[in-house]
Each structure stands twice: as structure tokens, then as C-alpha cells.
Amino acid sequence: MEALEIAPKTAVGERPSVVNDFSIVAATANGTGSQTANMAILRALFKMGIPVNGKNIFPSNIQGLPTWYHIRVSHEGYVARRHTSEVLIAFNAATVNEDIRILPPGGICIYNEDWRSLPQRDDIITYGIPVNQFVRDSGLKGKQKDYITNMVYVGAVAQLLEIPLQKIEEALDYLFNGRRKLIDSNMAVAKTAFEWVAENIEKRDPYRVAEMNATEGQIMITGNEAGALGSVYGGATFVAWYPITPSTSFVDGLNEYLPKLRRDPETGENTFAVVQSEDELAAIGMILGAGWAGARSVTATSGPGLSLMAEFAGLGYFAEIPAVIWDVQRVGPSTGLPTRTGQGDVISTYYLGHGDTKNVILFPATVRECFDFGTTSFNLAEHLQTPVFVLSDLDLGMNNWMSEPFEFPTEPINRGKVLTAQDVQEKGFARYLDIDGDGVGYRTLPGNEHPLGAWFARGTGHNEKAVYSERSEDWLNNMARLQRKFDTARQLVPAPVVDTVAEAKIGIIAFGTTKFAIDEARDRLAANGLPTSFLRLRALPVNDTVKEFVAQHDRVYVVELNRDGQMHNILQTEMPELAARLHSLAFLDGMPLTARWVVEAVLAREGK
């Protein structure tokens, strides 16, 4: 205690209460069980009816390195990461000096009182907690002792921020699936710390929470869980994958939901298969084989895995085989920052595969869209007979988000142009013949009994009947048809979400989770006299809606989480006549985007 003196009241001044409008960061070490403690706080706040969002900033090693868990509390419903956190839980000796240094003036620090030599600041409020005392009193030993340490700060935070202990217990009951021994042991430590703070610490800060009614009826779920559940409802029956952060929990979700929802009701046998392959190349090869055979097949990966899939992706495009690939993006190039979020796979995915290849991509921004795109991606893959890529990101995929409960998909299953034996008998069959003018041929599936229903799915040059050909005319016809099919996709993919403000001369285009920072930034810009319109892309290729939006505004800023402005480059290529109106606002530091960055970037470009 001697090294970190408690700042007097006059150091920070008297301030009015700050209720449900601040950010908490818990600084701990990876592998110490802090996730349970952090989720208990997050879920307790959520069950108090307060809009919240949690973001786990964790290291790529298994155990020991620093972890920061950010909880945004916002009565206005904002869920983007704040540029700073006013409430610091300093429970990692390795980072405590830096954590305290960057705490904003007027912030509060809840720290382990057993530490020594901590930095002194007279413009923050500090609360020391005797952690070792609580751990000794718990009677727990070994690893359990390490895990229970974090429940000390849960109790302290609950007391200081006025979170009812009942809400903490309800959260622990949920997290431990009703296992009373675990609930009681953790709750005992939290309660002891809660009472100790009440008796020994005078609250001298303005931050507190109060119950609201803004989350009633909502659920909390990660994007990977939502996408997995949506894929099951969308008809997934075959999964092949290779583990990679941050997509592994997507397949974990499939492994949880498929056994519950994909069993024969009479025999009890599984009607699905999940295969862990030897690598990502094998995984996409397997799902393409399953797609060719008529199964709705899916894999999940991230940037490095997608690179390995390039050759088979080209085969899927050219042989025209349906499959779905979820890319939960992280920071590259190379291994990069495996546990940080980004949007750096846009260009590589759009053109994945050598030669003249263009792929259909979906961009979910919310957990609801992750769920919905489970069905949409399969329907598009089979309608267009092509691999469809869903580009999520680590922030959406691995963090918990609020959402209205998902509804049973209303979008019907669309298997596309599949011929039966009777169809072949009556109409004939040429696999790559464009009968309808939309670039999409008719296909048959293995098991079609008609002798003319067979075809060879080849990656080499072929004619309309899928027969090998090196004739220039056949090649030109085939590539022209594939381009027509891609143009057909422009009208089939999910439409962009557009909010046009009549007096706005400035437009913003973005995709994915940057939406949340942009929503908040637009409110701030409008309050300062700078209205903006917003178009959120939900898919590539783009259609005329995007071109019309750009044409309606003097300047359009393309906001994205990568260094090179990848979507900006694609849009300039897609609409060269409007390229001069498009301006890149690209930024990537591995962290979720903040409203402050968006505001400052727009104002700087506008010269204000």
C-alpha cells in the first residue's frame, strides 16, 4: 500500500454520477480462469437490462501472457469498443504499470493490494483489495486457488458499481450449467469480497450501474455459435475442417448442435458427418466432393487456411460445385496476429484461385446475420453452383453479442437447377449449357438413374457437355457464361443496408463489424453539424444500389480494417466511372474499430 497512495477527493474533484455509460477493462493473465469472472460480470449487467458488449483481447499462446477483457456499458445501446476504459481491474502484475499509465484522468483502478512498487498518480482513484487474504480464507489449493482469485474482483466490482449479488449468482449458475459445487465455491469468494469492500472502502468515484429494461427477451451469443446454428438450420449435413484460431469454435458449435438436430427420428442414427482433416487443403477437397454428391457441405477457417485452399477453390469455381467456406478473419500476413481481428482477406477471397476467378462473398455484421447467412450461403451455393465464402471476423466470431432471439428460417431451401431422371428423359442434359440466359447450367446428382445423366466434373477446359476441350471457341464461351453467372449473382446476394440522409453530401461505405463504430460515429458527426449517409455492404459482387449511392454523394469514405483499403480498391474496379468519389479510410491495429477513430478520420479528410 505504501507505493500507491490513495488519491484524495480533491485530486479528481467532485463529479456527478456516471450511470450506465463507461467501459471496464479487466487486465489478467491468460489461462488463469479469468474468462469465467469476466463473463459473470458481463452477463450480470446484461440481465440487469443494460446494453453491454464484451471483447476479449487475448494472446496467441496457451497460457501466461496478458489478457484484457473490455466490457462496454451503454444506456444508449452502443456496443463498439471505446477508445479508453474508465474502470480498470488491474490483476496482472506483468502489465499493471502500463495499465495504470494509460488509465484516463478521473478513472478508477481496482488492484491487488498485495503487490508492491506500483506507479503513483494523483488524478485517478484507487481501491486496493487484499486478494491473498480471500484466497487463504477460501481453503482452496492448487489450480483452483488460481481460478478463484479472479472472483475476488468480481465481488469488489459488484459492490463498487452496485451490481446486485443475485445477478452475479444467476450468471454463475448459467456459466456452470447449474453445478452447485462450482457455483457455491465461486460465489462464496465473490460474496466475501463484496462485503469486505462495503465495510472497508469508501466509494469516491462517480461510476455505477442501474437496472434498465433494454435487454428484455434478448439472448447473448457469439457469431461463431450463431453461424454454426444457422448452418444446421440451413441444411448442413457434411463438415470437414482443420483447427485454426479464430474459427475453431464455429465447428465446436456444429459438433454441439448437429447431434441434437440431425438424427434420424426413427433409428436415432446421425444424418451428418464431421471430419477433422489433415489440413485445410484436404478440408475443402472433402466439402467439394460432398457438394458434388449433393450434400450441403461447409468448412470454417481463417486467412492462412484460406491460402491453402486456393487450388481447390479454383476447381470449385470452374467445375461449378456448391460448397460454403466460413472465413473468420484475423490479422495477417503470414501467421500475423492470430488472436486479433481484421478484414484483410477481402481481395484474396474475391479472386481466390488462379486465372480469371471471382467468388461470391457474404459479410455478416451481426450474430443475427451469422445465423441467417447459414441458410442464405447454402442456397446461393446451390443456386449458383459455386463455392460461397462467408467473411466474418474474430470480433464477431469469438465475442459475445446481444441479439433478439433467432426465428426459424423463412427462406426456403433452394437446391437450384437439379434434374431428375425424368427431367433428363424429357429435356436432355448438357451440364454447362446456358438454357435460361443466367449463366447457370442444369446439373444432375450421383444416383440419377438415367444413362445420359452422368457428367465429369473437371478442372480442365470443357465444352457445354462437360467433355474435355481445348478449342478456343469452347473456352471463350465457357468463360463468358461464368461471367454471366457472376452478374446473375449481383441480384441474388443479400442487398446492402442503406441509410440515406437527404442533406448529406458525405457517404460512408463499410461492411462487417465496423458497423457499430460507424453507427456511433455518425451520431457524433451529426451532432456536430456533419450529417452522413451510410451503406453497409452485405455481399460481393455489388449491384446498382451501390453505384447509385456513390453517385448521390460528393465524397464516399470506405471504412475497413486493413492496411491497403481492399474493399475500396474493389469498388473502384467495379465502378471506374465513379472511382474519384471513393476515398479510403483503412486502419488496422488488431483491435476492433472505435467511433473516435472514425470521427477523427472523417473530420481530418474534411479539413475540419
Side-chain angles (χ1 to χ4, degrees), residues 18 20-25 51-53 55 57 68 70-87 102-107 340-344 363 365-366 393 395-396 399 401 496-537 549-550 552-568 571 581-608:
V18 179
N20 297 346
D21 188 21
F22 53 89
S23 184
I24 307 166
V25 59
V52 290
N53 178 254
K55 298 187 186 299
I57 310 301
W68 294 269
H70 296 260
I71 298 176
R72 175 78 183 270
V73 182
S74 172
H75 62 85
E76 295 179 286
Y78 295 131
V79 293
R81 181 177 70 91
R82 284 172 62 95
H83 67 280
T84 189
S85 295
E86 295 86 351
V87 179
I102 64 176
L103 188 63
R340 297 291 189 267
T341 195
Q343 297 177 325
F363 298 106
T366 66
D393 61 45
D395 185 22
L396 179 58
N399 288 322
W401 299 80
V497 178
V498 184
D499 178 19
T500 301
V501 176
E503 66 272 23
K505 296 182 179 180
I506 298 169
I508 297 175
I509 292 178
F511 57 97
T513 53
T514 56
K515 155 189 163 54
F516 302 104
I518 292 168
D519 286 343
E520 185 176 354
R522 292 182 65 218
D523 288 346
R524 294 188 189 180
L525 289 168
N528 284 282
L530 188 62
T532 60
S533 299
F534 182 32
L535 182 146
R536 178 167 64 86
L537 288 169
F549 179 86
V550 176
Q552 290 169 359
H553 298 87
D554 295 345
R555 292 171 302 284
V556 175
Y557 295 109
V558 184
V559 179
E560 50 192 311
L561 284 176
N562 53 62
R563 183 192 68 183
D564 296 334
Q566 297 181 20
M567 184 63 77
H568 171 256
L571 293 178
R581 299 193 184 202
L582 294 165
H583 303 269
S584 178
L585 290 182
F587 179 73
L588 178 65
D589 64 354
M591 301 290 282
L593 198 64
T594 67
R596 180 175 183 174
W597 185 90
V598 176
V599 169
E600 291 178 349
V602 170
L603 292 178
R605 289 295 187 92
E606 290 295 305
K608 297 185 178 181

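Values below: all heavy atoms of this structure, side chains included; hydrogens, waters and symmetry mates excluded.
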Asker: Is the backbone of Asp589 close enough, under 3.5 Å, to the side chain of Arg340 for a donor and an acceptor to pair up by distance?
Answerer: no
Asker: Testing Asn399, Thr341, Asp395 one by one against Lys55 for a side chain to side chain donor-acceptor pair (under 3.5 Å), which residue passes?
Answerer: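 Going through the options one by one, the only one that passes is Asp395.
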Asker: Give me the atom names and distance for the closest heavy-atom approach of Val501 to Ser533.
Answerer: N-OG, 2.9 Å
Asker: Could you walk me through whether Glu560 and Phe511 satisfy the side chain to side chain contact (heavy atoms under 4.5 Å, CB included) test, starting with their C-alpha distance in whole Å, then the side-chain angles of each, then the deciding distance to 0.1 Å, before giving a yes or no?
Answerer: CA-CA 7 Å; Glu560 50 192 311; Phe511 57 97; 3.8 Å; yes
Asker: Please report the closest heavy-atom contact between Thr513 and Ala365, naming both atoms and the distance.
Answerer: CG2-O, 4.0 Å
Asker: Could you check whether any side-chain N or O of His568 sits under 3.5 Å from a backbone N or O of Leu582, counting only pairs where one atom can act as donor and the other as acceptor?
Answerer: yes
Asker: Atom CG of Leu588 and atom CD of Gln343: how far apart are they, to the nearest 0.5 Å?
Answerer: 9.0 Å
Asker: Kindly indicate, with the supporting measurements, whether the criterion salt bridge (Lys or Arg N to Asp or Glu O under 4.0 Å) is fulfilled by Asp499 and Arg522.
Answerer: CA-CA 11 Å; Asp499 178 19; Arg522 292 182 65 218; 3.0 Å; yes
Asker: Using a cut-off of 6.0 Å, state whether more than 12 heavy atoms not belonging to Arg563 lie near its atom CZ.
Answerer: no
Asker: Is there side-chain contact between Val558 and Ser584, with at least one heavy-atom pair below 4.5 Å?
Answerer: no
Asker: For residues Asp519 and Tyr78, determine if any side-chain heavy atom of one lies less than 4.5 Å from a side-chain heavy atom of the other.
Answerer: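 Contact flag for Asp519/Tyr78 side chains = no.
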Asker: Could you give the distance from CZ (Arg605) to OH (Tyr557), rounded to the nearest 0.5 Å?
Answerer: 6.5 Å
Asker: Walk me through whether Leu603 and Asn528 qualify under side chain to side chain contact (heavy atoms under 4.5 Å, CB included).
Answerer: CA-CA 10 Å; Leu603 292 178; Asn528 284 282; over 6 Å; no
Asker: Just do the side chain to side chain contact (heavy atoms under 4.5 Å, CB included) check on Phe516 and Thr366 with the steps written out, would you?
Answerer: CA-CA 9 Å; Phe516 302 104; Thr366 66; 3.9 Å; yes
Asker: Taking all atoms of both residues into account, what is the closest heavy-atom pair of Pro104 and Ser85, and its distance?
Answerer: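 What the structure gives for the nearest pair is CD-O, 3.2 Å.
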Asker: Working note: Ile509 + Val550, criterion side chain to side chain contact (heavy atoms under 4.5 Å, CB included); need CA distance, chi angles, decisive distance, verdict.
Answerer: CA-CA 9 Å; Ile509 292 178; Val550 176; 3.9 Å; yes
Asker: To check you understand the geometry: which heavy-atom pair defines the closest contact between Pro531 and Ala504, and what is its length?
Answerer: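 Result for this residue pair: O-CB, 3.6 Å.
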Asker: Below 4.5 Å, heavy atoms only, C-beta onward: do Val556 and Leu535 meet side chain to side chain?
Answerer: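 A side-chain contact under 4.5 Å is absent here.
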Asker: Working to the nearest 0.5 Å, report the span between CG of Asp523 and CD1 of Ile518.
Answerer: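 Going from CG on Asp523 over to CD1 on Ile518, the span is 12.0 Å.
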Asker: Give, for atom CZ of Arg81 and atom CD of Glu520, the distance between the pair rounded to the nearest 0.5 Å.
Answerer: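 With rounding to 0.5 Å, CZ (Arg81) is 11.5 Å from CD (Glu520).
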Asker: Rounded to the nearest 0.5 Å, what separates atom OG in Ser74 from atom CG in Asp21?
Answerer: 5.5 Å
Asker: Taking side chain as C-beta onward, heavy atoms only, is Val598 less than 4.5 Å from Thr514?
Answerer: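 Of all side-chain heavy-atom pairs linking Thr514 with Val598, none is under 4.5 Å.
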Asker: How long is the span from the CE atom in Met591 to the CD1 atom in Ile57, to the nearest 0.5 Å?
Answerer: 4.0 Å
Asker: Checking the side chain of Gln566 only, and the main-chain atoms of Gly344 only, is there a donor and an acceptor separated by less than 3.5 Å?
Answerer: yes
Asker: Are side-chain heavy atoms of Arg72 and Arg82 found at a separation under 4.5 Å?
Answerer: yes
Asker: How close do Gly507 and Phe549 get, counting heavy atoms only, and between which atoms?
Answerer: CA-CZ, 4.0 Å
Asker: Whether the side chain of Glu86 engages the backbone of Gly107 through a donor-acceptor N/O pair (distance < 3.5 Å, no angle test) should be reported.
Answerer: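 It does not hold such a pair.
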Asker: Going by side chain to side chain contact (heavy atoms under 4.5 Å, CB included), Ile506 matches just one of Asp554, Leu525, Leu530. Which one?
Answerer: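 Going through the options one by one, the only one that passes is Leu530.
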Asker: On a heavy-atom basis, which atom in Gly565 and which in Ala586 lie closest, and how many Å separate them?
Answerer: N-CB, 3.6 Å
